[in-house]
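One structure is given here, and the rest of the page talks about it.
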Protein chains: 2
Amino acid sequence: MHTPKPRRSDATKAAILAAARRRFGAEGYDRATIRAIAADAGIDPSMVMRYFGSKEELFATAVDVPYRLPELESVPPAEIGEAVVRRMFALWEGDPAVLARLRRAVNDPEAAERMRGVIQDEFAAVVRAFVADEAEVRRRAGLVATQILGISLCRYILEVPDVAAMDVEELAASYGPTIQRYLAEPLP
Amino acid sequence: MHTPKPRRSDATKAAILAAARRRFGAEGYDRATIRAIAADAGIDPSMVMRYFGSKEELFATAVDVPYRLPELESVPPAEIGEAVVRRMFALWEGDPAVLARLRRAVNDPEAAERMRGVIQDEFAAVVRAFVADEAEVRRRAGLVATQILGISLCRYILEVPDVAAMDVEELAASYGPTIQRYLAEPLP
DNA sequence: ACTGTTTGCCAACGGTTGTTGGCATCATAG
DNA sequence: CTATGATGCCAACAACCGTTGGCAAACAGT
């Protein structure tokens, strides 16, 4: 396994991807134009097409970051709620690609389908540590999703001042108990 | 005060508004085209312009429904959380215009600004019944907003199956305690 | 130094969108 | 019945978008 010879265009590709992630995260797929991304990267729009094939492929490449939530096995059961919030938003703060995917899921039914898949896979995986019955797992995963995505919506998209001003620790303290309840306490 | 003479075009205007509300709610402002709305209403796109001036004015007219949450004074304090959820989603279920406004707030910064205003006015008004300190009112209104808008996002936009399948009573039972806590219980 | 490949820009196409002006048709007041 | 305004459609414009093809310059291997 050897690294392929570095090409001169690698820097350009990286600049395009960085600009794409920023634009897709801030403006969404539709409003982020190839022309604007190219201008941010300081090159011609046609270069984007040459290196990434199409706008759709550029988006797929730009947001293709693994989504795995870190392991939670070492966390005491009573603190799982806070831990989930903490690690979830460490992810959101670190990479605008996650935001770009949520923005797209809002506007594109196909992307919404993929987001449903993430909820039923990644979110449900967290719940499965507490619950055996698979129907109940899905139901609790849905509860968790409403609160987590609601925070993301208000914080990164609507930019509600009192939600956007909190740091991750404050988020964990405020919303940890809610997630804890959705994960483990009896359902109505 | 007398009603102005009914015109023959009133039916057309109503058909346009109905189609606009449906399209704006289902596809959002950008993807809902004047041509599609006109086709739904069975008339020519230019008629939309004649009767409403511009796409922007059409949207403003279509979603101009009062947003007032019904009074909560007759509700026992311990059941306020459930009551808020119940009445909030009675509103969402009844009129696609509310959904259209959320969809637009996601894509348009100016609409997001208006949505922040709604949160700081309507949502905060509910909280003010429980809390005196104005900073705490805004903070609790933010907490409530994340959960309510998160449900709306997962239910009407992402269409997460387990969230979309619930009826309003199930929503009230599942999320009422959370809202109750955000409204009245001590903050961390 | 020469040749082929890579990197970049420019101009343009085809499609979609909001928007406009003109022209036919219908209803209604006089 | 006639004249006037309301109602509707058609065609087109201007702007923007993703996308394409061709051409100049820079580079790399020999």
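Quick caveat, the model's predicted, so the values are computed rather than measured. In what follows, every chain begins at residue 1, and chains take the letters A, B, ... in the order their sequences are listed.
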Whole-Å distance, Y29(A) OH to dG18(D) C1', equals 9 Å
From CE of M49(B) across to P of dT20(C) the rounded distance in Å is 5 Å
inquiry  = With heavy-atom distances below 4.5 Å as the criterion, would you say the side chains of V84(A) and V126(A) are in contact?
reply    = yes
Between CD1 of I34(A) and P of dA12(C) the distance, given in whole Å, is 21 Å
- Query: Do D162(A) and R140(B) meet the salt-bridge criterion of a basic N to acidic O distance under 4.0 Å?
  - Reply: no
Any Y51(B) side-chain N or O less than 4.0 Å from OP1/OP2 of dG8(D)
yes
With the side chain defined as heavy atoms from C-beta on, R35(B) is closest, among dA12(D), dC9(D), dC9(C), to dA12(D)
Atom CE of M47(A) and atom P of dT20(D) are separated, to the nearest Å, by 15 Å
By the 4.0 Å heavy-atom rule, please label F52(B) as base, sugar-phosphate, or nothing. nothing
D44(A) CG to dG8(C) C1', in whole Å, measures 7 Å
Margin query: Ignoring hydrogens and geometry beyond distance, is the side chain of T33(A) in donor-acceptor contact with the base of dC16(D) at under 3.5 Å?
Written below: no
task: Tell me, please, whether F59(A) has R104(A) positioned over its six-membered ring: NZ or CZ under 6.0 Å from the ring centre and within 45 degrees of its axis?
output: yes
To the nearest angstrom, the NZ-P distance between K55(B) and dT19(C) comes to 8 Å
Evaluate the ring planes of Y182(A) and Y175(B), with Trp represented by its six-membered ring, and classify them as parallel (under 30°), tilted (30 to 60°) or perpendicular (over 60°).
perpendicular
R50(A) atom CZ is separated from dG8(C) atom P, nearest whole Å, by 9 Å
Practice prompt. Assign S46(A) to base, sugar-phosphate, or nothing according to its heavy-atom contacts below 4.0 angstrom with the strands shown.
Written response: base
Separation of dG18(D) atom C1' from E57(A) atom CD, nearest Å, is 13 Å
